[in-house]
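Below is one structure, written out as structure tokens; comments come after it.
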2 protein chains.
Amino acid sequence: MPKINALETGSSEQRNSLNHQAIEDYLKTIYMLAMEETPVTTSRIAEARDVKPGSVTSMIQRLAKLHLVNYEKHYGVTLTDAGTKVALEVIRHHRLIELFLIEALGFTWDEVHEQADILEHVISEKLEERIAAALNYPQFDPHGNPIPSREGVMHSVEAEPLSALAAGVRARIAYVLNDENSEMLRYLAELGLTPGAVLEIKQVAPFAGPLTVEIEKESRVIGHTIASAVMVTREPADEPVAP
Amino acid sequence: MPKINALETGSSEQRNSLNHQAIEDYLKTIYMLAMEETPVTTSRIAEARDVKPGSVTSMIQRLAKLHLVNYEKHYGVTLTDAGTKVALEVIRHHRLIELFLIEALGFTWDEVHEQADILEHVISEKLEERIAAALNYPQFDPHGNPIPSREGVMHSVEAEPLSALAAGVRARIAYVLNDENSEMLRYLAELGLTPGAVLEIKQVAPFAGPLTVEIEKESRVIGHTIASAVMVTREPADEPVAP
DNA sequence: CTCATATTTTAGGTACTCCAAAAATAGCAT
DNA sequence: ATGCTATTTTTGGAGTACCTAAAATATGAG
């Protein structure tokens, strides 16, 4: 049967695979948090991973010893190149798997996050490659997020939250935040707010109030929370009808 | 990100999911070994799992406490109903995954075992179901082994090793043993010795010598080791040509 | 009954976690 | 700028889930 331990228990030899579930998860978490905001502090990691700060500190120290993060006491962590590479590989796995579950197995976009969070750590290079091939080497995951390349390059998309737009603007949905929130995803799908959809802002209520948008010829009212989670790029104004 | 621990660390509450990697692997190992031969001893498990006997004893004691095995010191283990159910579920996962990797992702039958050994522990019920559906609820895995039903029923196939047949007999390959031996699988595929193939014994050399068989109109000489790993059912003699 | 062998026990190690106390930093009033 | 409190971070001790190595013990063959 299996040999799971990537870094052989008890052996001091550090195989080229630094691929422990927990290690990968920490690196991924750090990567994601750094994208949001820097510095990445112990407590932010603890909250994201749902463990106590003490656990985070000791893991960080371990990661530092493995040269996966740079660590200065009390001042947060940053990923080293090696750490970034691992994080991006895990993210690549995650996003490919999400897409595969939807495209090949009929899952919906609100169902795939959990399963991908587990599978991302256990697929072989070969399986990753086969999945990518089956999906025709996709660039984006089902939530509109870019999929890092095998070499560890991720092209980020310039986008702004839907909530930042003014009335009259047309925009295309690039991606959605909070892709782990199934309920929100289901609601968004219901409203037609999925990546690629084009909409026009009709009305913006002040004081973080609801937006009224037109999408697929339907008028929809959207709360501010939701609108902040939907990232869009601006589109040229409505098609100029022949004069 | 994820919550992996099925039985919450530190909590004494025993969730209904007894699904730890290691536990599942032990149960599966015990199931498989029991199929081969009984009793299932500590040392057989240790060898199969490639750990030391001491580790096996302590795991067995843990499994006994969880009512997954019946254990009497020095006399080997048997699975309880609960233990059998877990083992069969894992085997179901394994075999479905093997088939899926081949059918949906273009793997060959010698490449899938390792990956399936890992994935078998981490697919959700829903994913299992989607995979089964995508494969049209298959009955057999790529090596000819029966896939247990979702309810935990496995129909075993009556078959005998190819090495047990006498010259002149026709037989159909049911399944192959040692499905973790990639090299042997590759060799078998090359010879056309895959489940479903029909062959006729032409010659049997004595003293565990090689067999000569005709398969797909080709004559092949097969060593005794290989012939012992190929399980067959007898077929009626050659098609009776119209008189 | 004795001895080789298999099994179990004991002690100790790594990976991860938690909790609680100690230490360091940061925020703020003066 | 200084000093005090609030917050964050680190440390230390302990627990579970594995594992190994080696000592102790039970079994069955002769």
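Proteins get letters first, then strands, A, B, ... in listed order; numbering begins at 1 in each. Every heavy atom of this structure was used, including side-chain atoms; hydrogens, water molecules and symmetry mates were not.
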I need a per-nucleotide contact map over nucleotides 22-30 of chain D, read 5' to 3'. Cutoff is protein heavy atoms under 4.0 Å; write B for the base, S for backbone only, - otherwise.
----SSS--
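Put simply, A/Gln21 has no side-chain N or O that comes within less than 4.0 Å of OP1 or OP2 on C/dA15. The phosphate of D/dA17 has neither OP1 nor OP2 within less than 4.0 Å of any side-chain N or O from B/Tyr26.
Distance A/Lys52 NZ to C/dA21 P: 15 Å, rounded to the nearest Å. Here the P atom of nucleotide D/dC19 and the CD1 atom of B/Ile23 are 11 Å apart, to the nearest Å. Counting to the nearest Å, the P atom of C/dT17 and the NE2 atom of B/His20 are 13 Å from each other. Between the CD1 atom of B/Ile60 and the C1' atom of C/dT7 there is a distance of 10 Å, given to the nearest Å. Between A/Leu66 atom CG and C/dT14 atom P there is a gap of 14 Å when expressed in whole angstrom units. One interatomic measurement links the two molecules: OH of A/Tyr71 to C1' of D/dT9, which rounds to 7 Å at whole-angstrom precision.
By the side chain to side chain donor-acceptor pair (under 3.5 Å) test, B/Thr78 is found to be paired with B/Asn70, residues two or more places apart in sequence or in another chain being considered. With sequence neighbours excluded, the residues that form a side chain to side chain donor-acceptor pair (under 3.5 Å) with B/Tyr137 are B/Glu129. Under the side chain to side chain donor-acceptor pair (under 3.5 Å) criterion, A/Asp110 pairs with A/Thr108, A/Arg186, sequence neighbours left out.
In this structure, B/His143 has its ring center no closer than 6.0 Å to that of B/His113.
Of all nucleotides listed (D/dA21, D/dC19, D/dT11), D/dC19 comes nearest to the side chain of B/Val51. The side chain of B/Thr57 lies closest to C/dT8 when the candidates are C/dC19, D/dT10, C/dT8.
Heavy-atom nearest nucleotides on DNA chain C were determined for B/Glu72 and for A/Ala22, and the one closer to the 5' end corresponds to B/Glu72. A residue-by-residue look at A/Ser58 and B/Val56 shows that B/Val56 has its nearest nucleotide of DNA chain C further toward the 5' end.
Using a 4.0 Å cut-off between charged nitrogen and carboxylate oxygen, B/Arg150 and B/Glu125 do not count as a salt-bridge pair.
For the residue pair A/His121/A/Asp25, the side-chain donor-acceptor check at 3.5 Å is satisfied. Between the side chains of B/His94 and B/Glu98, at least one donor-acceptor pair of N or O atoms lies under 3.5 Å.
The salt bridge (Lys or Arg N to Asp or Glu O under 4.0 Å) analysis of residues 69-94 of chain A, with sequence neighbours excluded, yields the pairs A/Arg92-A/Glu128.
Within a 6.0 Å sphere centred on CD of A/Glu160, heavy atoms belonging to other residues, nucleotides or ligands number more than 12.
The stretch residues 37-47 of chain A touches DNA chain D through A/Thr41, A/Thr42, A/Ser43, each having a heavy atom under 4.0 angstrom from the strand.
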